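Since the structure comes first, as structure tokens, the remarks are kept for the end.
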Amino acid sequence: MNRINELFNRKKNNILSLYFCAGTPTFEGTAQTIRTLEEKGIDMIEIGIPFSDPMADGPVIQDASVHALKNGMTLRKLFGQLKDIRQTTTIPLILMGYLNPIMQYGFDNFCKSCQECGIDGMIIPDLPYKDYMEEYKPISDKYGLRVIMMITPETSEDRIRNIDGHTDGFIYMVSSAATTGAQKDFNEQKQAYFRRIEAMNLKNPRMIGFGISNKQTYEAAASHAAGCIIGSKFVTLLEEEKGDAAKAVDRLKEALNS
């Protein structure tokens with residue numbers, strides 16, 4: 001069974017997934033960051049593929065992506081850093097990136113490299129659902145990979161049910177239509193969106209991401225989904241700690257609990 005499915009079968013709530021961008025703060029730190037996050041009890045990791053135009057991301061992750069590219073990170077080099085990662089890690093690993101670098105690599109080759117490294121799935125924010133169904137799903141299925149689709153408060157119920165019926169793993173609930181970035185709290189409108197999706201009784205578990213950075217946002221999101229995805233806040237802390245993932249996670253957990 002895919003490790004993403006194993007996680008959600010075993011753990012029904014309070015799942016914590018962290019995002020960081022490969023190749024930053026240091027070029028060499030990707031594998032060690034992954035190992036440290038697992039040691040610190042993180043349930044799942046999203047590894048960002050740096051790209052020059054990350055349109056769904058706010059300033060923090062945009063800056064991290066630029067930094068990683070300046071450090072020399074490429075998709076090919078990332079796979080090189082991950083080739084032995086499964087000798088020391090067991091938690092689900094997801095690659096998150098935009099279509100452009102993936103298509104330059106070749107989607108079949110990308111999926112093959114993911115399988116060889118032990119990557120469990122991918123999030124491609126600019127992959128249209130129609131293209132996923134017609135061109136990408138058969139290839140990802142061949143390699144046993146989960147393609148995680150995003151929904152927003154503007155996504156129609158028909159589209160959400162379509163995504164739920166034709167994907168596996170989990171559904172990524174974007175907390176708002178804005179780009180990524182820390183927020184102080186989630187207003188009633190956003191919480192009503194969380195409740196509306198919860199009431200749909202989808203077959204796939206849901207993870208909420210974008211804007212989670214403190215106790216208020218974490219608890220509001222976690223109460224309406226299987227767990228939370230935190231990106232910008234962790235990326236900021238990892239940068240401040242100069243790549244020391246252990247210190248960054250400790251500071252993040254402190255922020256989520258106080």
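All values derive from a computational prediction rather than experimental measurement. Only this structure's heavy atoms are used, side chains among them; waters, hydrogens and symmetry mates stay out.
- Closest approach of Asn5 and Gly169 over heavy atoms only: ND2-N, 3.8 Å.
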Give every donor-acceptor pair under 3.5 Å between a side-chain atom in residues 241-250 and any protein atom, sequence neighbours left out.
residue : atom : partner : partner atom : Å
Glu241  : OE2  : Arg251  : NH1          : 3.0
Asp244  : OD1  : Ala246  : N            : 3.2
Asp244  : OD1  : Lys247  : N            : 3.2
Asp250  : OD1  : Lys40   : NZ           : 2.9
Asp250  : OD2  : Lys40   : NZ           : 3.2

Which side-chain N or O atoms in residues 118-125 pair as donor and acceptor under 3.5 Å with protein atoms at least two apart or in another chain?
residue : atom : partner : partner atom : Å
Asp120  : OD1  : Arg3    : NE           : 2.8
Asp120  : OD1  : Arg3    : NH2          : 3.2
Asp120  : OD2  : Arg3    : NE           : 3.3
Asp120  : OD2  : Arg86   : NH2          : 2.8
Asp120  : OD2  : Leu93   : N            : 2.8

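- No donor-acceptor distance shorter than 3.5 angstrom exists from the side chain of Arg206 to the backbone of Gly227, with no hydrogens or angles considered.
- Here the shortest heavy-atom pairing between Pro50 and Met73 reads CG-CG, 3.7 Å.
- Once rounded to the nearest 0.5 Å, the distance linking CG of Leu16 with CG of Leu256 reads 6.5 Å.
- Here the closest non-hydrogen pair linking Phe194 and Ala220 is CD1-O, 4.0 Å.
- Judged by distance alone, the side chain of Asn257 and the main-chain N or O of Lys253 form a donor-acceptor pair under 3.5 Å.
- Proximity of Thr217 to Asn214: side-chain heavy atoms (C-beta onward) are separated by under 4.5 Å at one or more points.
- If you run side chain to side chain donor-acceptor pair (under 3.5 Å) between Tyr129 and each of His166, Lys137, Glu134, only His166 comes through.
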Report task. I would like to know whether Tyr143 and Asp108 meet side-chain hydrogen bond (donor to acceptor under 3.5 Å, both in side chains); could you show each step before the answer? Result -> CA-CA 9 Å; Tyr143 290 100; Asp108 193 287; 2.7 Å; yes
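- One finds the OG1 atom of Thr89 at 10.5 Å from the CG atom of Leu37 (value rounded to the nearest 0.5 Å).
- Here the side chain of Thr24 pairs no donor or acceptor atom with the backbone of Cys21 at under 3.5 angstrom.
- The distance from atom OG of Ser113 to atom NZ of Lys83, rounded to the nearest 0.5 Å, is 13.0 Å.
- Atom CD1 of Ile208 sits about 6.5 Å away from atom SG of Cys228, to the nearest 0.5 Å.
- Of the possible polar contacts, one joining the Asn204 side chain to the Asp164 backbone as a donor-acceptor pair under 3.5 Å is found.
- No side-chain donor-acceptor contact under 3.5 Å links Asn14 to the backbone of Ala222.
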Requested in this report: Evaluate the criterion side chain to side chain contact (heavy atoms under 4.5 Å, CB included) for residue pair Ile91 and Asp43; output intermediate values, then yes/no.
Outcome: CA-CA 6 Å; Ile91 63 173; Asp43 298 299; over 6 Å; no
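- We find that Glu39 and Arg35 are not joined by a salt bridge, their nearest charged nitrogen and carboxylate oxygen being 4.0 Å or further apart.
- Inter-residue side-chain proximity for Ile197 and Leu202 is flagged as met; some heavy-atom pair is nearer than 4.5 Å.
- The 12-atom threshold is exceeded at NZ of Lys11, counting heavy atoms of other residues, nucleotides or ligands nearer than 6.0 Å.
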Query - Pair Arg161-Met200, side chain to side chain contact (heavy atoms under 4.5 Å, CB included): steps then yes or no - result: CA-CA 9 Å; Arg161 293 205 180 277; Met200 289 178 67; 3.6 Å; yes
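- Between Gly97 and Ile102 the shortest heavy-atom distance is O-CD1, 4.1 Å.
- Between Phe20 and Phe234, the distance separating the two ring centers is not shorter than 6.0 angstrom.
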Query raised in the report: Can you list the steps and then say if Glu240 with Thr236 is a side-chain hydrogen bond (donor to acceptor under 3.5 Å, both in side chains)?
Result: CA-CA 6 Å; Glu240 289 176 358; Thr236 297; 5.9 Å; no
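- From Gln62, atom CD reaches atom OG of Ser232 across 10.0 Å, with rounding to the nearest 0.5 Å.
- Look at Arg10 and Glu6 and you find no salt bridge, because none of the NZ, NE, NH1 or NH2 atoms lies under 4.0 Å from a carboxylate O.
- A pairwise comparison of heavy atoms in Gly23 and Thr30 identifies N-OG1, 3.4 Å as the closest pair.
- Residues Met44 and Met207 have side chains in contact (heavy-atom distance under 4.5 Å, counting atoms from C-beta outward).
- Judged by distance alone, with hydrogens and angles left aside, the side-chain atoms of Asp168 form no donor-acceptor pair with the main-chain N or O of Arg146 at under 3.5 Å.
- The two residues Asn71 and Pro25 make their nearest non-hydrogen contact at ND2-O, 3.4 Å.
- Side-chain contact between Ile34 and Ile47 is present, with heavy atoms from C-beta onward closer than 4.5 Å.
- In this structure, Tyr172 and Phe210 have perpendicular ring planes: the angle between them is above 60°, well past the 30° mark.
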Report task. Kindly determine whether Leu69 and Ser52 satisfy side chain to side chain contact (heavy atoms under 4.5 Å, CB included), including the steps that lead there. Result -> CA-CA 8 Å; Leu69 291 172; Ser52 56; 4.2 Å; yes
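- Inter-residue side-chain proximity for Leu99 and Tyr136 is flagged as met; some heavy-atom pair is nearer than 4.5 Å.
- Within the 3.5 Å criterion, the main-chain N or O of Phe8 finds a donor-acceptor partner in the side chain of Lys12.
- Linking Ile, Leu, Val, Met, Phe, Trp and Tyr whenever their side-chain heavy atoms come within less than 4.5 Å puts Ile85 and Ile49 in one cluster.
- In this structure a side-chain-to-backbone donor-acceptor pair under 3.5 Å is missing from Lys233 to Ile230.
- Between Thr36 and Gln32, some side-chain heavy-atom pair lies under the 4.5 Å cut-off.
- The backbone N or O of Phe27 sits less than 3.5 Å from a side-chain atom of Gln81, completing a donor-acceptor pair.
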Query - side chain to side chain contact (heavy atoms under 4.5 Å, CB included) between Leu95 and Leu78, worked out - result: CA-CA 10 Å; Leu95 289 188; Leu78 174 57; 4.1 Å; yes
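- A perpendicular orientation is assigned to the rings of Tyr105 and Phe110, their planes being inclined by more than 60° (bins at 30° and 60°).
- In terms of modelled atom types and a separation under 3.5 Å, the side chain of Ser65 and the main chain of Ile61 share no donor-acceptor contact.
- A heavy-atom distance below 4.5 Å is not found between the side chains of Phe51 and Asp126.
- Residues satisfying the side chain to side chain donor-acceptor pair (under 3.5 Å) criterion with Glu219, sequence neighbours excluded, are absent altogether.
- Salt-bridge formation is detected for the pair Arg195/Glu188: a Lys NZ or Arg NE/NH1/NH2 atom is positioned less than 4.0 Å from an Asp or Glu carboxylate oxygen.
- Side-chain contact between Thr167 and Tyr132: present, with at least one pair of heavy atoms (C-beta onward) separated by less than 4.5 Å.
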